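Report on the structure given below.
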There are 2 protein chains.
Amino acid sequence: MFLSTTTNGIDAKGRLSVPADFRAIVRNGPFDGIYVWPSFDGDYLEGGGQSLMDRYLQMIESMDPYDDARVALERAIFGSARPLSFDANGRITLPKPFAEHAGLSDKATFVGLGARFEIWNPDVYAAHEVEARKFARENKRAMKLPPSRPVGA
Amino acid sequence: MFLSTTTNGIDAKGRLSVPADFRAIVRNGPFDGIYVWPSFDGDYLEGGGQSLMDRYLQMIESMDPYDDARVALERAIFGSARPLSFDANGRITLPKPFAEHAGLSDKATFVGLGARFEIWNPDVYAAHEVEARKFARENKRAMKLPPSRPVGA
DNA sequence: TGGGATAACATGGGATTTCATGGGAAACAA
DNA sequence: TTGTTTCCCATGAAATCCCATGTTATCCCA
């Protein structure tokens, strides 16, 4: 599970260290790296490991071939995603268009969201985080946890 | 079930012993540690074991992908939670931002709340507890138990 | 039921490893 | 060539591991 928020530096070569716990999650996969694409919903990047891509693929395959939503998803995710492999020290090199889309220059913030993660400009994310926490506080009553399962189930 | 209240010391390295009974609850899980995040509702930390996180993930995944509440919760919980693993003696190391959020420096109070627990500054908690008991006393008529099930069901 | 032995627990400090980051050299492309 | 990408190694800071110790709780047997 991708968790927590980490800000790392981007060096002159466009290299960016992926947090070690994120790397640990995708390790053991067939591909030693992550999949990243520009979000169609804002100025940030989205990403995940092989299993996330497999799930998206499965989801899309279950939709009608010419469903508008299917075509949109295919374009937005598969059409723009890139596999970014780790170097020996666990860094990826950000393609320029990605850095531009998210306004990344010298620092980037990884945000773990369970099954996937996002990469933001730190300043932009800070503002969003304040909003998100405020919204959560005001809507906490809407949170209903599913019942816990019996031990051993 | 996380129960009772325990206060332990925080050493110079930011290490904090998790009460032994709390550790016993999460033992046998796939991850030997606890998940902790700064509450979005106050100056304390919230936490639980793997099963709690699984339930939150289930809850969030059942919401619409671009629902505002979902996005806010994802960021407020997953975006700020960290897996804190036990060292050989059952201690966790508190990340600095967590200690700052909850005003923790030399001591921390673990408060068991059933499925999850909270970590407070002892002095702040003492004051808060007085308030909480007063509130409970004044609102006792609003407390409702869910209908009980037949024994064994 | 008392009291000594034993185990569990919280805490402390030093040593080691991991991690993020920087830069140079070699391979590649235009 | 000139600029770009990939691989390799160096380094300081931070996190982790390992061992030691006092104290408390638990057990066991007389």
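Proteins get letters first, then strands, A, B, ... in listed order; numbering begins at 1 in each. Here the structure is a predicted model, which is why all the values come from computation and not from measurement.
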Ionic contact status for A:Arg70 with A:Glu74, cut-off 4.0 Å:
yes
Between A:Lys140 and B:Asp41, is there a side-chain N and carboxylate O pair less than 4.0 Å apart?
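Yes, A:Lys140 and B:Asp41 are salt-bridged.
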What is the separation between atom CD1 on B:Ile92 and atom C1' on C:dT11, rounded to the nearest whole Å?
15 Å
Without decimals, in angstroms, what is the distance between B:Asn8 CG and C:dT11 C1'?
10 Å
A cation-pi test, strictly: NZ or CZ of A:Arg82 under 6.0 Å from the centre of the six-membered ring of A:Phe98 and no more than 45 degrees from its axis. Yes or no?
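Here A:Arg82 passes the 6.0 Å and 45° test against A:Phe98.
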Any idea which heavy atoms bring B:Gly33 and B:Val26 closest together, and the distance?
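So the minimum-distance heavy-atom pair works out to O-CG2, 3.7 Å.
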For the student: nearest non-hydrogen atoms of B:Gly47 and B:Arg116, plus distance
O-CB, 3.2 Å
Starting from the 5' end of DNA chain D, give me the residue, B:Asp87 or A:Phe86, whose nearest nucleotide shows up first.
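On the 5' side of the pair lies A:Phe86.
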Test side chain to side chain contact (heavy atoms under 4.5 Å, CB included) applied to B:Asp21 and B:Leu3, step by step
CA-CA 8 Å; B:Asp21 27 343; B:Leu3 288 178; over 6 Å; no
Taking DNA chain C as the partner, which of residues 93-113 of chain A come within under 4.0 angstrom of it by heavy atom?
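The answer is none.
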Across nucleotides 22-30 of chain C, 5' to 3', mark each nucleotide with B, S or - according to how protein heavy atoms within less than 4.0 Å reach it.
BBBB-----
Among A:Tyr44, A:Phe22, A:Tyr35, find the one that has a ring-ring contact (aromatic ring centres under 6.0 Å, His included) with A:Phe117.
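Looking at A:Tyr44, A:Phe22, A:Tyr35, the match for A:Phe117 under the ring-ring contact (aromatic ring centres under 6.0 Å, His included) is A:Phe22.
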Check whether the side chains of B:Asp54 and B:Gln58 place a donor and an acceptor atom closer than 3.5 Å, and report yes or no.
no
Under the side-chain hydrogen bond (donor to acceptor under 3.5 Å, both in side chains) rule, what pairs show up with a residue in residues 5-18 of chain B, not counting sequence neighbours?
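Sorted pair list: B:Thr7-B:Thr109, B:Asp11-B:Arg15.
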With distance as the sole test, does A:Asp87 use its side chain to make a donor-acceptor pair with the main-chain N or O of A:Asn89 at under 3.5 Å?
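Pair found, side chain donor or acceptor close to backbone of A:Asn89.
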Does a side-chain heavy-atom distance below 4.5 Å link A:Asn121 with A:Asp43?
no
Between the protein and nucleotides 16-19 of chain C, are there any N/O to N/O pairs under 3.5 Å, and if so, what are the atom names and distances?
none

B:Arg75 and A:Glu129: CA distance, side-chain angles, deciding distance, salt bridge (Lys or Arg N to Asp or Glu O under 4.0 Å) verdict
CA-CA 7 Å; B:Arg75 303 239 159 92; A:Glu129 194 191 7; over 6 Å; no
Can you give the first and last nucleotides of DNA chain D, 5' to 3', that have an atom under 4.0 Å from a heavy atom of chain B?
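Extent of the interface on DNA chain D: D:dT16 to D:dA20.
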Listed pairs under 3.5 Å, donor-acceptor, residues 60-68 of chain B side chains, sequence neighbours left out:
from: B:Glu61; atom 1: OE1; to: A:Arg55; atom 2: NH2; distance (Å): 3.2
from: B:Ser62; atom 1: OG; to: B:Met59; atom 2: O; distance (Å): 2.6
from: B:Asp67; atom 1: OD1; to: B:Ala69; atom 2: N; distance (Å): 2.8

